> 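This is the structure, below, for whatever I ask next.
Proteins come first, then strands; the chains are lettered A, B, ... in the order of their sequence lines, and each starts at number 1. Note that the structure is predicted; figures quoted are calculated from it, not measured.
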Protein chains: 2
Amino acid sequence: MAGPRGVTIAEVAARAGVAASTVSYVLSGKRSISPATARRVMDAVAELGYHPHAGARSLASRRAGVVAMMLPLRDGMHLPVLMQFASGAVTEARRADQDVLLMTADEGPAGLARVAASAIVDGLILMDVEVRDPRVETLRRLGLPSVLIGFPADAEGLTCVDLDFTAAGRVCADYLVERGCRDIALLGASEAVYARRTGFAERVREGFLGGPAGRAHAEVWPCPDDAVSVQRTVKELLVARPELTGLAVHNEPAVGHVMHALADAGKRVGEDFHVVVIGPDEVAERVHPHLPSVLVPAERLAEIAVRHLMRKLDGEDVPDSTLVEPQLTTR
Amino acid sequence: MAGPRGVTIAEVAARAGVAASTVSYVLSGKRSISPATARRVMDAVAELGYHPHAGARSLASRRAGVVAMMLPLRDGMHLPVLMQFASGAVTEARRADQDVLLMTADEGPAGLARVAASAIVDGLILMDVEVRDPRVETLRRLGLPSVLIGFPADAEGLTCVDLDFTAAGRVCADYLVERGCRDIALLGASEAVYARRTGFAERVREGFLGGPAGRAHAEVWPCPDDAVSVQRTVKELLVARPELTGLAVHNEPAVGHVMHALADAGKRVGEDFHVVVIGPDEVAERVHPHLPSVLVPAERLAEIAVRHLMRKLDGEDVPDSTLVEPQLTTR
DNA sequence: TGTCGTTGTCGAAGCGCTTCGACTTTGCAG
DNA sequence: CTGCAAAGTCGAAGCGCTTCGACAACGACA
């Protein structure tokens with residue numbers, strides 16, 4: 001249908017018997033148009049299958065209708081969560097008639113500068129922002145509207161969205177205490193994760209330690225994620241704290257191993273011992289018995305991030321910082 | 001640095017003391033330029049941090065420098081594989097100085113028409129193409145350069161890339177036979193997957209059944225992927241074929257359950273019984289003992305797909321059909 | 001010395017769209 | 001019946017880039 005050169009606004013205008021500018025105004029709604037004219041234009045648009053040329057539009061209007069999403073591609077990131085995030089963002093962006101350009105974090109600050117200078121996108125979403133993130137400074141300098149997932153050390157003037165990890169830690173502790181546990185522990189993330197984004201891990205720790213507030217004894221144990229280390233850590237933990245009856249695991253790959261280690265130690269999870277996971281549903285459901293869990297609500301975060309970005313593109317104000325309440329799923 | 005309006009080619013030209021067209025030619029290399037001039041231009045580009053305005057470029061040159069990637073977002077897709085694919089594609093595209101626009105399959109054929117008509121992308125990569133895929137017809141009509149991952153029923157005139165699933169089935173059968181198994185079975189995908197993309201599942205089956213070629217008895221058992229069904233299916237299988245000593249599992253979520261069922265039945269995997277997985281490494285490594293496996297080489301496929309697309313954009317010929325040899329990883 | 005390719009550079013003409021100012025109509029108050 | 005604002009529409013001027021044809025300048029060749 002669409003010829004090799006595509007349908008232009010001029011053809012639509014001719015068919016509707018109006019000027020090209022009128023077609024433009026009908027489509028954008030930036031000037032009032034009589035219903036009769038609007039109708040004829042819309043008909044012509046439909047009959048011709050007209051879609052504005054994205055390049056021409058962006059050139060003339062200084063709006064590309066595209067936002068960039070920069071994904072981290074380091075090892076250690078949980079891929080399914082990333083994917084959920086990406087798809088959530090695309091779905092939400094399309095709702096606002098925007099497209100999404102995918103970038104990877106290894107393009108770094110230079111990548112940001114590139115897309116900004118070439119005006120190929122109107123805004124940016126940066127995922128998995130670290131505490132000390134080299135992209136943040138560039139971002140600030142470029143002045144492109146942006147939303148970050150995660151909180152850098154200096155969030156001044158930036159829009160950030162994330163799960164409220166402090167609350168997540170607290171929710172886990174509360175859950176265990178409510179099950180009657182008087183001695184609980186948090187099996188933390190692997191060292192690599194801690195090293196990179198201390199903020200995130202720190203916040204879970206604080207929430208977990210602060211949650212019981214005297215109702216139980218709480219400790220935090222960092223833990224590597226290979227089978228052997230997990231087995232050893234759990235064993236040491238149980239020796240060090242023989243009265244322990246509750247465990248929160250904030251370390252996705254380790255969950256399965258933890259369950260084995262507990263079984264080996266004679267703990268019956270769900271009966272005389274309680275475990276709660278901070279991680280994706282699949283992780284909590286892969287083991288037996290299924291565990292209660294607090295997940296990172298990727299789609300939700302993506303939705304919020306995109307929505308905030310859209311509002312910034314429209315010149316509206318959005319909160320600097322948005323923390324999503326964690327949700328405990330019992331099973 | 002970059003003002004709100006960005007650096008234009010005119011400013012670069014002024015700084016280098018040449019015409020704008022000369023700058024353009026230096027950057028594109030489409031006409032010969034004296035080394036001295038080229039040098040001055042490149043210096044000006046660097047000093048000013050110039051990046052061509054993407055919209056203007058696409059308007060004038062009819063080339064957007066962007067390709068679209070349409071990802072499936074159905075349940076049942078293995079998310080990490082998708083993510084690997086996406087990141088592989090972006091990395092490879094950037095190598096050719098192209099960007100990647102992310103779309104989701106739920107935009108359907110209309111989405112393809114949209115991006116084609118708006119000239120926002122130069123080409124398309126469609127992931128996870130099904131045997132009867134409604135997008136294929138539209139794709140053909142649009143005439144946009146494209147590459148598919150997977151094979152639709154009528155691949156006439158299309159460029160398709162995929163893992164050679166027939167070979168994958170054969171490799172698994174061979175592996176088991178070489179371990180001395182004389183009676184083997186393939187525990188197939190869940191029904192939903194079969195229903196959707198028979199081609200894929202069929203090919204594994206054929207390869208698996210044809211592999212032994214008289215050296216062993218081979219059967220294929222389809223299998224749902226919840227724990228209970230897997231337990232039952234494995235039990236039935238072992239009753240039906242008491243001499244069975246080799247099993248290939250082409251059903252990611254089921255692998256863990258299969259191992260439990262086999263242990264319950266007293267089979268010692270790796271000793272008197274052999275199991276091989278068709279699926280991602282993590283799946284094969286999550287169980288004990290680690291299993292040999294054939295994976296879907298997502299990054300590899302993405303790389304090939306992008307490379308082929310780039311060549312098509314340059315008007316070169318590429319093979320209609322590319323099958324990637326499966327690789328068995330022993331552990 | 002005149003002619004002809006080469007090589008390197010320039011100016012101008014768009015690409016298809018948005019947007020601004022101006023113009024024509026229409027409705028209504030005076 | 002006149003005057004004026006509001007409503008609806010148009011034409012033209014770019015947005016920043018690529019590309020085409022033209023044109024100097026320069027050797028090489030006859």
> Would you kindly compare B/Leu27 and A/Ala38 by the position of their nearest DNA chain D nucleotide and give the one closer to the 5′ end?
A/Ala38
> From C-beta outward on B/Thr22, which listed nucleotide comes closest to its side chain: D/dC10, C/dT9, D/dC17?
C/dT9
> In the structure I gave you, are the side-chain heavy atoms of A/Pro52 and A/Ile9 within less than 4.5 Å of one another anywhere?
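A/Pro52 vs A/Ile9: side chains apart.
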> Counting only side-chain heavy atoms from C-beta out, which of D/dT18, D/dC10, C/dC17 sits nearest to B/Ser24?
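The closest nucleotide is D/dT18.
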> Among C/dC10, C/dT19, C/dT9, which nucleotide has an atom closest to any side-chain atom of B/Ala19?
C/dC10
> Starting from C1' on C/dC17, measure out to OH on A/Tyr25 and report it in whole angstrom.
11 Å
> Taking the side chain of B/Lys30 as its heavy atoms from C-beta onward, which of C/dC17, D/dC17, D/dT19 lies nearest to it?
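For the B/Lys30 side chain, the nearest candidate turns out to be D/dT19.
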> Is the closest side-chain heavy-atom distance between B/His53 and B/Thr8 below 4.5 Å?
no
> Looking at side-chain heavy atoms only, is the closest gap between A/Val136 and A/Leu126 below 4.5 Å?
no
> With nearest nucleotides of DNA chain C determined for B/Ala56 and B/Thr37 from heavy-atom distances, which residue corresponds to the more 5′ nucleotide?
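Upstream on the strand: B/Thr37.
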> About how many Å separate CG of A/Asp106 and CG of A/Leu71, when rounded to the nearest 0.5 Å?
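It is 10.5 Å, given to the nearest 0.5 Å.
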> Just so I know, are the side chains of A/Arg140 and A/Glu156 near enough to count as touching, which here means a heavy-atom distance under 4.5 Å?
yes
> Between C/dT9, D/dT19, D/dG8, spot the one nearest the side chain of B/Ser34, thanks.
C/dT9
> To the nearest Å, give me how far apart CD1 (B/Ile9) and P (D/dC15) are.
15 Å
> Does any donor-acceptor pair link the side chain of B/Arg62 with the base of C/dG14 at a separation under 3.5 Å?
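Per atom types, no contact qualifies.
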> Taking atom types as they are modelled, is there a donor-acceptor pair under 3.5 Å from the base of D/dG8 to the side chain of A/Ser32?
no
> Give the nucleotide from the list D/dC17, C/dG16, C/dC17 with an atom nearest to the side chain of A/Leu59.
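Selected nucleotide (nearest to the side chain): C/dG16.
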> How many Å lie between NE2 on B/His53 and P on C/dT18, as a whole number?
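Distance, rounded to whole Å: 14 Å.
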> Across the strands shown, which category fits B/Ser61 at heavy-atom distances under 4.0 angstrom: base, sugar-phosphate, nothing?
sugar-phosphate
> Nearest whole Å is fine: how far is D/dC15 C1' from A/Arg63 CZ?
16 Å
> Grab the CD1-P distance between B/Ile33 and C/dT9 for me, whole Å please.
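My rounded result for the distance is 5 Å.
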> How long is the line joining CZ of B/Arg31 and P of D/dG21, in whole Å?
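Going from B/Arg31 (CZ) to D/dG21 (P), I get 9 Å.
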> Once you round it to whole Å, what is the distance between P of C/dC15 and CD of A/Glu11?
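That distance rounds to 12 Å.
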